[in-house]
There are 2 protein chains.
Amino acid sequence: MSETAAPPASKSEQAYAAVKARIVDGTYSPGYRLVLAKIAEDLGVSVVPVREAIRRLEAEGLVQFERNVGATVSGIDPTEYLYTMQTLSIVEGAATALSAPLIGAADIARARAVNEEMRECLQHFDPVRFTRLNQDFHSVLFEHCPNPHILDLVHRGWNRLASLRSSTFRFVPGRAHDSVDEHEALLRLIETGAAAEEIEKAARLHRSATLDAYLAQAPKSNAGSLSAQ
Amino acid sequence: MSETAAPPASKSEQAYAAVKARIVDGTYSPGYRLVLAKIAEDLGVSVVPVREAIRRLEAEGLVQFERNVGATVSGIDPTEYLYTMQTLSIVEGAATALSAPLIGAADIARARAVNEEMRECLQHFDPVRFTRLNQDFHSVLFEHCPNPHILDLVHRGWNRLASLRSSTFRFVPGRAHDSVDEHEALLRLIETGAAAEEIEKAARLHRSATLDAYLAQAPKSNAGSLSAQ
DNA sequence: GTCATAGTTTTCGTATACGATTTCGTACTC
DNA sequence: GAGTACGAAATCGTATACGAAAACTATGAC
């Protein structure tokens, strides 16, 4: 029997996936009011599974919930962006460092190809594609991470970031250019079997630099930078 | 008006808090089967809010959920312990580093007092109290962490650890002794205004060492150690 | 024009009910 | 005795319903 007979996802699961997808892809942008009855109708289910789904998303930080009021997509605040990026820089750095020893030549080649594509995107100015490729690139670096908890945190961070991007995040061409170079440097470090500590530091700085680039154009910081040199 | 008129927590909130507390304090130990109807009756509410609470706890990693079967308290597997500790070492290290610049002399004094109490516990062999004090100690170091996401991750890690302790974790006197010394060293680093990077490293190693002590007596590792010197 | 107030509408929170699925136990066959 | 089939019990999954809280709107006083 093939995998065709997949378990017909419960309505609760459906609702969870659907709402999450809409938050991540920007259909529901930060501040959007999630009305149970409305979503339930859209999805053709009752409110109970929808409510359950939303509470789960709350636990992941994608939505904010207020008693007797309802849920809204979280992350209007620019500070949120800062916190998310900072957290991501930490878990991503760790994930990369843990994966590094398990990354083979084939993976490196794949990542490098993606990175070269990213370089091309810079010339044609294709931020959307660039962003997607960036995710692919890092996915290659993470996929061997032996600790699923850390991997999960990275994914949550990415989702969060995706949900914020439409209103907060801006593509900064100059920064993007540096980013591609940093990717290459990161690959070299991994190739040459650098110490985990060094790889972690590089990966973290890579992410922090993006945060700094953001802060430079929207200065409003009040949290310490982890990229303390 | 005083704070007495606190919002009368929704049943869903009650259920969430109650079940979480029971998992953390060990009433429901790993593998325990969480039956909706039973919990609902215990708490005097219907199954809907209980179900919601359990799903939220699932998102936090405290319980595992299986379609049409039910929820069980997660963490039977020793590997879980490893993953949790490793993740905790990372976020805790970061949290401590971020807090450090904001820690004042009064905080240091408080932490030191707690640590001295811990030293006494070693002489009277009081693991329970030791563990609680250990949490207090680290709480002092975290409480100023400006990034709430990271703080949240630390708390989740602690909860997770607490839920696992009854079956997996073992108090290792030798390790506990080192631990107290490391605490003191950590305080000195903070006092002298050491670089964030250095503090982070020390905090991480402090946690990793506990993990290593565990692995030494229950060797079954297959994940890379982040304490790569 | 601004503010307060009362009434209406929206939306949430949860109990209840019932069908669907899984699990468990028993009897039957080989 | 091992294995299978079937039926009963336990448990989950979700629709529906209704009371409670909040948000909104309109009306009137100043």
Side-chain angles (χ1 to χ4, degrees), chain A residues 1 3-23 27-60 62-74 76, chain B residues 1 3-23 27-60 62-74 76:
Chain A
M1 182 196 297
E3 204 64 50
T4 349
S10 69
K11 311 233 172 153
S12 157
E13 221 57 58
Q14 268 177 253
Y16 172 78
V19 175
K20 185 173 185 171
R22 288 179 192 188
I23 292 174
T27 307
Y28 299 154
S29 40
Y32 185 91
R33 178 81 183 282
L34 298 167
V35 178
L36 293 182
K38 191 167 175 311
I39 295 174
E41 196 186 353
D42 278 4
L43 301 177
V45 302
S46 79
V47 297
V48 177
V50 175
R51 188 184 155 88
E52 185 181 303
I54 285 179
R55 291 292 257 180
R56 284 212 275 159
L57 292 169
E58 183 202 12
E60 288 181 31
L62 284 177
V63 314
Q64 278 180 313
F65 201 86
E66 200 179 344
R67 170 89 193 275
N68 274 322
V69 174
T72 54
V73 177
S74 62
I76 316 164
Chain B
M1 183 195 295
E3 203 64 51
T4 347
S10 70
K11 311 234 172 150
S12 157
E13 221 57 58
Q14 268 177 255
Y16 172 77
V19 175
K20 185 173 184 172
R22 287 178 193 190
I23 292 174
T27 307
Y28 298 155
S29 40
Y32 185 91
R33 177 80 184 284
L34 297 167
V35 178
L36 293 182
K38 191 167 176 309
I39 296 174
E41 196 186 354
D42 277 4
L43 301 177
V45 302
S46 80
V47 296
V48 178
V50 174
R51 188 183 155 87
E52 184 181 303
I54 285 179
R55 292 292 257 180
R56 283 212 275 159
L57 291 169
E58 183 200 12
E60 289 181 30
L62 284 177
V63 314
Q64 278 181 314
F65 201 86
E66 201 179 343
R67 172 86 193 276
N68 275 323
V69 174
T72 54
V73 177
S74 63
I76 315 164

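This structure is a prediction, so every number in the text was calculated from the model and none was measured. Order of the sequence lines fixes the chain letters, A, B, ..., with proteins taken first and strands second; residue numbering starts at 1 for each chain.
Remark: B:S12 engages A:R51, A:R55, B:S10, B:P49, B:E52, B:R56 in a side-chain contact (heavy atoms from CB on, under 4.5 Å) (not counting sequence neighbours). Qualifying side-chain contact (heavy atoms from CB on, under 4.5 Å) partners for B:N68, counting only residues two or more places apart in sequence or in other chains: none. Legend: residues meeting side-chain hydrogen bond (donor to acceptor under 3.5 Å, both in side chains) with A:Y28, ordered by chain and number and at least two apart, are A:R22.
Residues from residues 42-50 of chain A that place a heavy atom under 4.0 Å from any atom of DNA chain D, listed by number: A:V45, A:S46, A:V48, A:P49.
In this structure, the CZ atom of B:R33 is 8 Å from the P atom of C:dC24, given to the nearest Å. A:K11 has its NZ atom 9 Å from the P atom of D:dT16, to the nearest Å. When the P atom of D:dA10 is taken as reference, atom CD1 of B:I39 falls 18 Å away, rounded to whole Å. The nearest whole Å value for the distance from the NZ atom in A:K38 to the C1' atom in C:dT11 is 14 Å. At whole-Å resolution of the value, OH in B:Y16 and P in C:dT14 are 15 Å apart. One atom, CD of B:Q14, and another, P of C:dT14, lie 8 Å apart when rounded to the nearest Å. Summarising the geometry, the separation between CD on A:E66 and C1' on D:dA21 is reported as 12 Å, rounded to the nearest angstrom. Atom pair A:E52:CD and C:dC12:P shows a separation of 16 Å (rounding to whole Å applied).
Panel note: side chain A:T72, backbone A:R33; no donor-acceptor pair is recorded below 3.5 Å.
The nucleotide whose nearest atom lies closest to any side-chain atom of A:V69 is, among C:dT14, C:dT22, D:dA23, D:dA23.
Within the 4.0 angstrom heavy-atom criterion, only backbone atoms of the sugar-phosphate kind lie near A:L34; the bases stay farther away.
Atom CD1 of B:I54 is separated from atom CD1 of B:I39 by 4.0 Å, given to the nearest 0.5 angstrom.
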So which protein N/O to nucleotides 19-21 of chain C N/O distances come out below 3.5 Å?
| unit_1 | atom_1 | unit_2 | atom_2 | d |
| --- | --- | --- | --- | --- |
| C:dT21 | O3' | B:N68 | ND2 | 3.4 |

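Of all heavy-atom pairs spanning A:Q14 and A:A9, the tightest one is OE1-O, 3.8 Å.
A ring-ring contact (aromatic ring centres under 6.0 Å, His included) check over residues 35-58 of chain A, counting only residues at least two apart or in different chains, returns nothing.
Residues B:K20 and B:E60 are paired through a salt bridge, judged by an N-O separation under 4.0 Å between the basic side chain and the carboxylate.
For the side-chain contact (heavy atoms from CB on, under 4.5 Å) criterion with B:Y32, the lone passing option out of B:T27, B:I23, B:V73, B:V63 is B:V73.
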